[in-house]
Amino acid sequence: MGRMRVLVWPPDRITSEMAQQAYLAGIDRIPWPCRVEWNQGELVIERHVSDSANLYIPWPVEGVGVLMLSTATLMEREEPYHLPLELARGKLAQVRNQLGEWEVVGLVAPEELRRLISEATRQLAEAVLEPPGSEQSTRAAEQALRLAVEAADRLASCYAEQVLAVRRRGGSKLPTWVGVELDNAFLDEGTGGHLLPAISAACVPIVWHDVEAREGTYQWEVADELIGWCRKNQLFTITGPLLQLNRRSLPDWTYLCEDDAEAFGAFAQEFVQAAVRRYRGQVQLWIAASRINVPAHLSLSEEERIRLTAQVIQWIRSADPQTPVVVGFDQPWAEYLAQREMDFPPLHVADTLLRADLGLHGLLLEMNLGYQPGGTFYRDLLEISRQLDHWAMLGAPLYISFCAASSDQPDPLAHYGNRRPPPGTSPRSQQLWISRLVPLLLAKPYIQGILWNHLRDYLPHDYPHAGLFDLRRQPKPALRTLAALRHAFLK
């Protein structure tokens, strides 16, 4: 049994809930199942191995808010580590290492970035020289961490700006598409008019629960109209996911066979192939299944879920051999693995599906930013960049699906109303996520498409206040920012 001890001073710097979100991960970035104890400022994390590890934990950063941060690699030892100091050391090392890697390929670091790194290094040295855990050491470590986080965001933004300048040399626009996932409802003319300047693509959901509420009886009217709208407006059209294993997406009658994977698979095959036969030639990308890495409401094992996903890809391929097919993974950092033991980390599942010669074209990574539980923790731009590069090592095109909230208030129309964004969330913070994250994503050549995955707050939706239109049916500031980015960078 491995055991890591860290000290937090003052103890109220984090809450017990934040402490319970801590986890350890190795060089492969995959969390180990962990047991966390939090007692008066001492955090003890136990796991079944004793390898060196990075400690990840939500931490409040002055002027930024709570971010999921990581230490540098820590070895197990009897003496406890001092968390603020190790977080500052970890973030600064990450910034300096990434700067070195990007400078080798031509990045030019502005003087302001170098000043931030230099000052963060000075503050870290001061923290190290003071008695461990003292007020002086903690204060200097916190200052070093704040500067290092600011440097991380500046570095990622600088990278995005310079890469985009190279990719658009001569005034050319990028082939990447930016779109939105439409609701499973008819689209009114006013909403469509506001939306079109902001997008070059749209995802039409095919929700099995709504299309085949009665076994063998299909209702295609909504999907027909939405796909027709996309084609009329010359949008890159995505359709799916054709299978999503949650109660909202599955017809009620399928629960009669939820303990029989073979019978359930037969019903799923009929639905998937009916959808593909109806819309082949009208869409440019199929999402076969999404959120396949998180536990399903059906009593299917991990292995059965993976096998079913592979079958969905094959069913689509048999009915439509030409159109590219992707599968979706939620929470790409896989933080949930720290709370429950699972046999197949998502990166390994993706690698297996890609190597199985099923005709899988790429991967869709979903990030519902800031929501807890069940979402993706806020992280700085550099950490997001590094994690996407880690997934890109699989060699397949990536597509990104993401959202962020515009309010921290309760949302009665959200299916996942218990997944709340942090306090202080506002339309401005939602707009900032689009303005900062989308250019970074556009700078990655392996990312071929970007989806904002919520459209309207005034219709039922998954995550609270994540739409581009508010409860009064008015467009949010985020939509204007998305339109400006599309006009600046895309065809």
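Please read these numbers as outputs of a predicted model, since none were measured by experiment.
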Residues that Arg214 engages under salt bridge (Lys or Arg N to Asp or Glu O under 4.0 Å), provided they are two or more places apart = none

What is the minimum heavy-atom distance between Ser435 and Thr481, and which atoms define it?
-> CB-CG2, 3.8 Å

Thr425 side chain to Pro422 backbone, donor-acceptor under 3.5 Å | yes

Distance under 6.0 Å and angle within 45° of the ring axis: does Arg419 meet both against Tyr371?
-> no

Contacts under 3.5 angstrom, residues 262-269 side chains, donor-acceptor by atom type, not counting sequence neighbours:
none

Quick one: closest heavy-atom pair of Ile434 and Ala478, and the distance?
-> CD1-CB, 3.6 Å

Under 4.0 Å between a Lys/Arg side-chain N and an Asp/Glu carboxylate O for Arg420 and Asp411?
-> no

Quick one: list whatever passes ring pair (Phe, Tyr, Trp, His ring centres under 6.0 Å) with Tyr218, sequence neighbours left out.
-> Trp220

Do the side-chain N and O atoms of Gln372 and Glu17 include a donor-acceptor pair separated by under 3.5 angstrom?
-> no

So, for Trp32 and Tyr23, is the gap between ring centers shorter than 6.0 Å?
-> no

Determine whether Leu369 and Tyr378 make a side-chain contact, defined as any pair of heavy atoms from C-beta on separated by less than 4.5 Å.
-> yes

Between Tyr463 and His454, how do the two ring planes meet: parallel, tilted or perpendicular, split at 30° and 60°?
-> perpendicular

Looking only at non-hydrogen atoms, find the nearest pair between Gln94 and Arg29 and report the distance.
-> NE2-NH2, 4.5 Å

Listed partners of Phe489 passing ring pair (Phe, Tyr, Trp, His ring centres under 6.0 Å), at least two apart | none

Proximity of Phe329 and Trp391 rings by center, below 6.0 Å = yes

Residues Arg379 and Glu335 bridged, charged N to O under 4.0 Å | yes

Heavy atoms, side chains only, cut-off 4.5 Å: are Leu479 and Phe469 in contact?
-> yes

Residues Asp320 and Arg277 bridged, charged N to O under 4.0 Å | no

All pairs passing side chain to side chain donor-acceptor pair (under 3.5 Å) where residues 224-234 contributes a residue, at least two apart = Asp224-Arg278, Asp224-Tyr279

Taking NZ, NE, NH1 and NH2 as the nitrogens, is one of them in Arg248 or Asp462 under 4.0 Å from a carboxylate oxygen of the other?
-> yes

Taking only distance into account, with no hydrogens and no angle test, what donor-acceptor pairs under 3.5 Å do side-chain atoms of residues 192-208 form with protein atoms, sequence neighbours excluded?
unit_1 : atom_1 : unit_2 : atom_2 : d
Ser200 : OG     : Val178 : N      : 3.1
Ser200 : OG     : Val178 : O      : 3.4
Trp208 : NE1    : Glu212 : OE1    : 2.8

Decide, yes or no, whether a salt bridge links Lys476 with Asp470 under the criterion of side-chain N to carboxylate O below 4.0 Å.
-> no

Result of checking Ile57, Leu24, Leu87 against Thr71 for side-chain contact (heavy atoms from CB on, under 4.5 Å) = Leu87

Within a strict 4.5 Å, meaning less than it, do heavy atoms of the Ile292 and Arg305 side chains meet?
-> no

So, Arg436 and Asp380, do they make that salt bridge, N to O below 4.0 Å?
-> no

